[in-house]
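Note on naming: letters A, B, ... go to the chains in the order of the sequence lines (proteins, then strands), and numbering restarts at 1 for each one. Just so it is clear, the values below take in all heavy atoms, side chains as well, and ignore hydrogens, waters and symmetry mates.
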Number of protein chains: 2
Amino acid sequence: MDELTIGQVSERTGLSVHALRYYEREGLLVGSVSRSSGGRRRYSTFDVDWIRLCVRFRECGMPVTEIRHYAELVAAGTGNEEERLQLLRAQEARLKHELSRMTECLTVIRAKADLYAQHVTAGTAGSLWTGETPACLALEAGVQPV
Amino acid sequence: MDELTIGQVSERTGLSVHALRYYEREGLLVGSVSRSSGGRRRYSTFDVDWIRLCVRFRECGMPVTEIRHYAELVAAGTGNEEERLQLLRAQEARLKHELSRMTECLTVIRAKADLYAQHVTAGTAGSLWTGETPACLALEAGVQPV
DNA sequence: GCTTGACCTAGAGTGAACTCTAGATCGTAG
DNA sequence: CTACGATCTAGAGTTCACTCTAGGTCAAGC
């Protein structure tokens, strides 16, 4: 139970077996996965946890090359903690940036959707949608509150 | 001033001129941009606002094909507001999902970074980093609070 | 022993979203 | 009139992160 096959790890992490082999090839894992006598991969609990961390990193937009860099630092052992910290902080900063951009987008989309909802429930007779420069277009392009 | 060149629009939207032409080719703009007598694009204020909206959509992960769909609905004129609303709501839902996933990642990264920061300021003599199964590795793979 | 399904490697293919190139044209400044 | 920088089109190239293929190996059940 500390020795999972690639298929089991695929189920547990949500990555395809192809992706798991790809991650290993690309050096995203700390060292390489151990093998059975027949040459099949046997993943340890640590491996699986690490892969889950990689999935997290990827989900938040961290590029593969940077995860590899981090994995290399971890593989190198103690002594480079400052560098790991820097990497983490950099990713944290980027993520915060990204989050605020996305929140802005959400605000815009919500504003537009709410206006549409209002219009749809009010029926097509609404005066908003007639006239020379239809407010429809203003609504489309103009509503950018943030 | 209601008639900008592609270079000016590039400056104002942050998209490259290549990307602007690409967006038009791909049908992301409502109709097509008007042209000068010599065949150069002349962007109206509406065009620019619309492009900014497209940038927002792209920033929040909306695929190009879906933006095209939305643009087609807008180009088709009134009568399909429900469908536009559905598209917007779908994007809103996906965005909320994405936001919560990213917030989770941020939590994980912060937790790891804070532990590292603690270690780094405490100096390498910390007992955390010695022993048979170094806590270093536990820290790497195990810290997944969310 | 045979079948079957999960696994192996190396390497080619895919889709998305640009990005760049080549070769031509436009239009303004000198 | 000429030079030059911005623009034009069509289409090829790039990057990223996988995903798939071909041709073979391993191991459990019948």
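- DNA chain D lies under 4.0 Å from at least one heavy atom of each of the following residues of residues 9-18 of chain A: S16(A), H18(A).
- One atom, OH of Y22(B), and another, P of dT21(C), lie 19 Å apart when rounded to the nearest Å.
- Listed pair R21(A) / dC18(D) fails the phosphate criterion, with no side-chain N or O lying under 4.0 Å from OP1 or OP2.
- No donor-acceptor distance shorter than 3.5 angstrom exists from the side chain of T13(A) to the backbone of I51(A), with no hydrogens or angles considered.
- Here the side chain of D2(B) pairs a donor or acceptor atom with the backbone of T45(B) at under 3.5 angstrom.
- Taking a cutoff of 4.0 Å between a charged side-chain nitrogen and a carboxylate oxygen, E92(A) and R89(A) qualify as a salt bridge.
- R101(B) has no carboxylate O lying under 4.0 Å from a charged side-chain N of E104(B), or vice versa, which leaves the two without a salt bridge.
- Between Y23(B) and dC18(C) there is a side-chain polar atom (N or O) within less than 4.0 angstrom of OP1 or OP2.
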Quiz item: How does each nucleotide of nucleotides 25-30 of chain D score, in 5' to 3' order, for protein heavy atoms under 4.0 Å: base (B), sugar-phosphate only (S), or none (-)?
Solution: BBS---
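- Of the possible polar contacts, one joining the R58(A) side chain to the M62(A) backbone as a donor-acceptor pair under 3.5 Å is found.
- Take E66(B) and apply the salt bridge (Lys or Arg N to Asp or Glu O under 4.0 Å) test, not counting sequence neighbours, and it matches R94(B).
- The distance between atom CD of E59(A) and atom C1' of dC16(D), rounded to the nearest whole Å, is 17 Å.
- Here the nucleotide nearest the side chain of V64(B), chosen from dT19(C), dA17(C), dC18(D), is dA17(C).
- For the OP1/OP2 pair of dT9(D) and a distance below 4.0 Å, the side-chain nitrogens and oxygens of R41(B) include at least one atom meeting the criterion.
- Rounded to an integer number of Å, the gap from CD of Q8(A) to P of dA6(C) is 12 Å.
- Under the 3.5 Å distance criterion, the side-chain polar atoms of N80(B) are matched with a main-chain donor or acceptor of L73(B).
- Between R35(B) and dT9(D), a side-chain N or O to OP1/OP2 separation shorter than 4.0 Å is present.
- Side chain of R52(B) to backbone of R12(B): a donor-acceptor contact under 3.5 angstrom is found.
- Using the six-membered ring where Trp is involved, Y70(B) and W50(B) have ring planes that are parallel, under 30° apart on the 30 and 60° scheme.
- Taking side-chain N and O atoms only, T5(A) has a distance below 4.0 Å to OP1 or OP2 of dC7(C).
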